[in-house]
Student: 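There's a structure below that I have some questions on.
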Amino acid sequence: MPYVYLSVALDLPLPRSFDYRAPAGVTGVGERVIVPFGRQTLSGVVLAVSDVPPDFPKLKDIAEAPADLPALPADVMALCRFCADFYAAPLGMVLAAALPAALRQPRPWAGDGTHWHWQAVDADGLLARLSPRARKQRQLAELLRTPQAREAVRDVAGDALRWLGEWQASGDVVAVAPVRAGGVPRQVALPALNAAQAAAVTAVDAADGYAAFLLYGVTGSGKTEVYLRTIAARLARDEQVLVLVPEINLTPQLEARFRARFPDEAIVSLHSGLADGERTRNWLQAARGDARIVLGTRLAVFTPLPRLGLIVVDEEHDGSYRQQEGVRYSARDLAVWRARDRKLPVLLGSATPSIETWKNASEGRYTRLDLPVRAVAGAVAPTLELLPTGRIALQDGIHPLALERLRATLARCGQALVFINRRGYAPVLACNECGWVSNCKRCEARLVLHLGDRRLRCHHCGFECTIPAECPDCGNADLKPLGQGTQRIEDALAARFPDTPPLRIDRDNTRRKGSLEAMLAQVHDGRVRLLVGTQMLAKGHDFANLQLVVVLNADAGLFSVDFRAEERLFAQLLQVAGRAGRAGQPGQVLIQTRYPEHPFYAALLAGDYAAFADEQLATRRELLLPPCAAWLMIRAEAKRIETALAFLNALRGALAGQGVQAMTPIAATMSRKAGWERAQLLVTAPTRGPVVAAASHLAELLVAKPPKGVRWVIDVDPQDV
DNA sequence: AGCACGCCGACT
DNA sequence: GTCGGCGTGCTC
């Protein structure tokens, strides 16, 4: 039997591939193989096929070539190679990250990847046999008069999929192949474009080959409409479109909007919140070219799309495009690389572009498309106002004027949001007598007081304990909560506004699946008019009647060691502000600050992000900070900081002569976390080349000779300092 | 990463 | 006398 020899990338932290023998013809480059490895069995991706046997005496045969995915196309392989090289990650790990979990298992995938639809053979006959009391079953039978996707069936009731299985077995329901949309998409509810939107659409449509666009426009300026129009133009050429969004909880809203616009289109979403089966089916639909629109989070950037014609990155500045575990890639940067490689336009949208993107736009590498006008019906710019807190007595952490405005807003039946980026009741519990504070034993952080279940919690390592009745050091029984968290603000507002009880929305009470949606529904139908929330509420959710936003602790971002903190604060505050004033009246945004004179607030109040970004960029140029220099961060943790620092110092030595500057290793911002002491080594160079080379040099070194008792991470182009 | 093999302390 | 600690070495 003729054999071929495969080079296979495995999901291991090793920067090399392994060779196997396989019968000729059963597999090819980009396909999945299941192979024996030591005494385990692993899934891998074929990198190369050769007729020449490698010089390795213990060569093994592959176990299986499951052929359950279409071979990863050359462009996805190239993207993964680039990602592996740039971020100093093993190629096998990148390829594993590119596949849905079911196609990473060392066994063939049982599903066939088709999004079958289901239809009743004789709906009336089925209904006649159902009990009149089985309301949900009858509802499902009614629905199945027309073909329904699995997900639509599932949404009817918890047991709906089981009934479907039974009805299929009894022959009442059959699977039908979904119709694949093609050619010019049918669009409904097409709003008129303003001049800026029309110009943007024209520019993107005219792109032939690679072109990067920055779609720069505030909330309500109609960015989504521009996406929809350019997408329609690509669909009309029967191309596929990849749309990246930052967070899972944003996908349903945007997905609904896309479905409403393109009712006949198979729109497929890809994010980590999907069940394995659904994600795999969606991925395969995209990879086979059956779905023309893919809407996904960062992991979707690797999706094979044979007829890809456009990539959209919404909210391109958002930090969640950065993968922080395992392979540390930036999906936004990879999207731009992929667009260039495949010679396609890429559209980056933001009201507050990252300084990286801003630099590319101001130096002409990206074309800036401005949407200066609020295009969405009823959208009006919110008014921003500072509330200096230096000399005035706050009431439960809230400025009296803010309370007054809250009262007025609620009195005229408006909705109001109090924004505070701190969960819990109070960020720390302290003893007035001896100065004891609730420190975490394992982290360089405070234990946060949670009154709901009367516990102290560390938000960094998960440690928790009951609230001590008295000071552990001096026995004083009068321990005081210091500062405000969402729960304390909720309590304070509940006491002040008994007629309009506040609803708190933060991670503590939205852990359960669907609870966030349920809460948002209460806000949308007006049952709740006073909201207290964190970060979570800043993104994506539009509340039509929201008239007032009060921001309580913005200052935290002003004096950070991280040079990107101001940029993030600006984005966050504008995003929160953008929640207000969407129904005709201008929204009001009040920002409490102890530093009203800070230049940051002058820029914010001027509402001129462009001026702010120009200034930030000038500073970065002057101080040689990214993106005007290339950075690499080696993070290390050990039981003792000395071990971590010694390890980093040794690495620093290994970087001599590499054309990079390695700084002195220092303790990390949070120097202790979960019992590990942490340090970091910053490596810089004027350009990316030497930094990337240094990263792969170190990675090789560390894999060849792993340090004892030290955990390390190589972070190319770090986003947090 | 797994999972072996391989030499030194407290237990059936 | 064994069970078991995790140190280092290999996996095609």
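Just the heavy atoms: all of them, side chains too, but no hydrogens, waters or symmetry mates, feed the values below. Source: prediction; values computed, not measured. The sequence lines fix the lettering, A, B, ..., with proteins before strands; numbering per chain opens at 1.
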Student: What is the separation between atom CG on A:Asp61 and atom P on C:dC12, rounded to the nearest whole Å?
Tutor: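 Going from CG in A:Asp61 over to P in C:dC12 covers 12 Å.
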
Student: Rounded to whole Å, how long is the line connecting atom CG of A:Leu47 with atom C1' of C:dC12?
Tutor: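 Rounded to whole Å, this separation is 13 Å.
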
Student: For A:Tyr20, answer base if it contacts any base atom (sugar-phosphate contacts may also be present), sugar-phosphate if it contacts only those atoms, and nothing otherwise; contact means non-hydrogen atoms under 4.0 Å.
Tutor: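 Counting heavy atoms under 4.0 Å across all strands, the contact made by A:Tyr20 is with sugar-phosphate only.
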
Student: In whole angstrom, give the distance that lies between atom NZ of A:Lys708 and atom P of C:dT8.
Tutor: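 Between P of C:dT8 and NZ of A:Lys708: 5 Å.
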
Student: Is the ring pair A:Phe563/A:Trp631 parallel, tilted or perpendicular, if the boundaries are 30 and 60 degrees?
Tutor: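 Judged by the thresholds at 30° and 60°, the geometry between A:Phe563 and A:Trp631 is perpendicular.
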
Student: How many whole angstroms separate atom CG of A:Asp11 from atom P of B:dG2?
Tutor: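 Going from A:Asp11 (CG) to B:dG2 (P), I get 9 Å.
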
Student: Got a salt bridge between A:Asp276 and A:Arg104, using NZ or NE/NH1/NH2 to carboxylate O under 4.0 Å?
Tutor: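 Looking at A:Asp276 and A:Arg104, the cut-off is not met.
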
Student: Enter the distance from A:Met93:CE to A:Leu10:CG here, rounded to the nearest 0.5 Å.
Tutor: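 Between atom CE of A:Met93 and atom CG of A:Leu10 there are 12.5 Å.
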
Student: What nucleic acid atoms does A:Pro36 come within less than 4.0 Å of, heavy atoms only: base, sugar-phosphate, or nothing?
Tutor: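 Contact class for A:Pro36: sugar-phosphate only.
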
Student: According to a strict under-4.0 Å criterion, is A:Arg39 in side-chain N/O contact with OP1 or OP2 of C:dT11?
Tutor: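 No, outside the criterion.
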
Student: Within this structure, what is the CZ-to-C1' distance between A:Phe18 and C:dC10, rounded to whole angstrom?
Tutor: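 Going from CZ in A:Phe18 over to C1' in C:dC10 covers 9 Å.
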
Student: Checking side-chain polar atoms at under 3.5 Å, does A:Asp715 have a donor or acceptor matched by the opposite partner on A:Gln680?
Tutor: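 No, because no side-chain N or O of A:Asp715 sits under 3.5 Å from a partner of the opposite role on A:Gln680.
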
Student: Atom OH of A:Tyr3 and atom C1' of C:dC12: how far apart are they, to the nearest Å?
Tutor: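 Checked: the OH to C1' distance equals 16 Å.
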
Student: With respect to the phosphate group of C:dC12, does any side-chain polar atom (N or O) of A:Lys60 fall under 4.0 Å of OP1 or OP2?
Tutor: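 Checking A:Lys60 against C:dC12: at least one side-chain N or O falls below 4.0 Å of OP1 or OP2.
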
Student: Please state whether the phosphate of C:dT11, meaning OP1 or OP2, lies under 4.0 angstrom from any side-chain nitrogen or oxygen of A:Lys58.
Tutor: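 Affirmative; the distance criterion is met.
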
Student: Rounded to whole Å, how long is the line connecting atom CG of A:Leu12 with atom P of B:dA1?
Tutor: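 In whole Å, B:dA1 P lies 10 Å from A:Leu12 CG.
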
Student: Mind checking A:Leu14 for me? I need base, sugar-phosphate or nothing, with any heavy atom below 4.0 Å counting as a touch.
Tutor: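 Base contact.
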
Student: Just by distance, do the side chain of A:Asn509 and the backbone of A:Asp506 share a donor-acceptor pair under 3.5 Å?
Tutor: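 Yes.
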
Student: Give the rounded distance in Å between these two atoms: CZ of A:Arg711 and P of B:dA1.
Tutor: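 In whole Å, B:dA1 P lies 11 Å from A:Arg711 CZ.
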
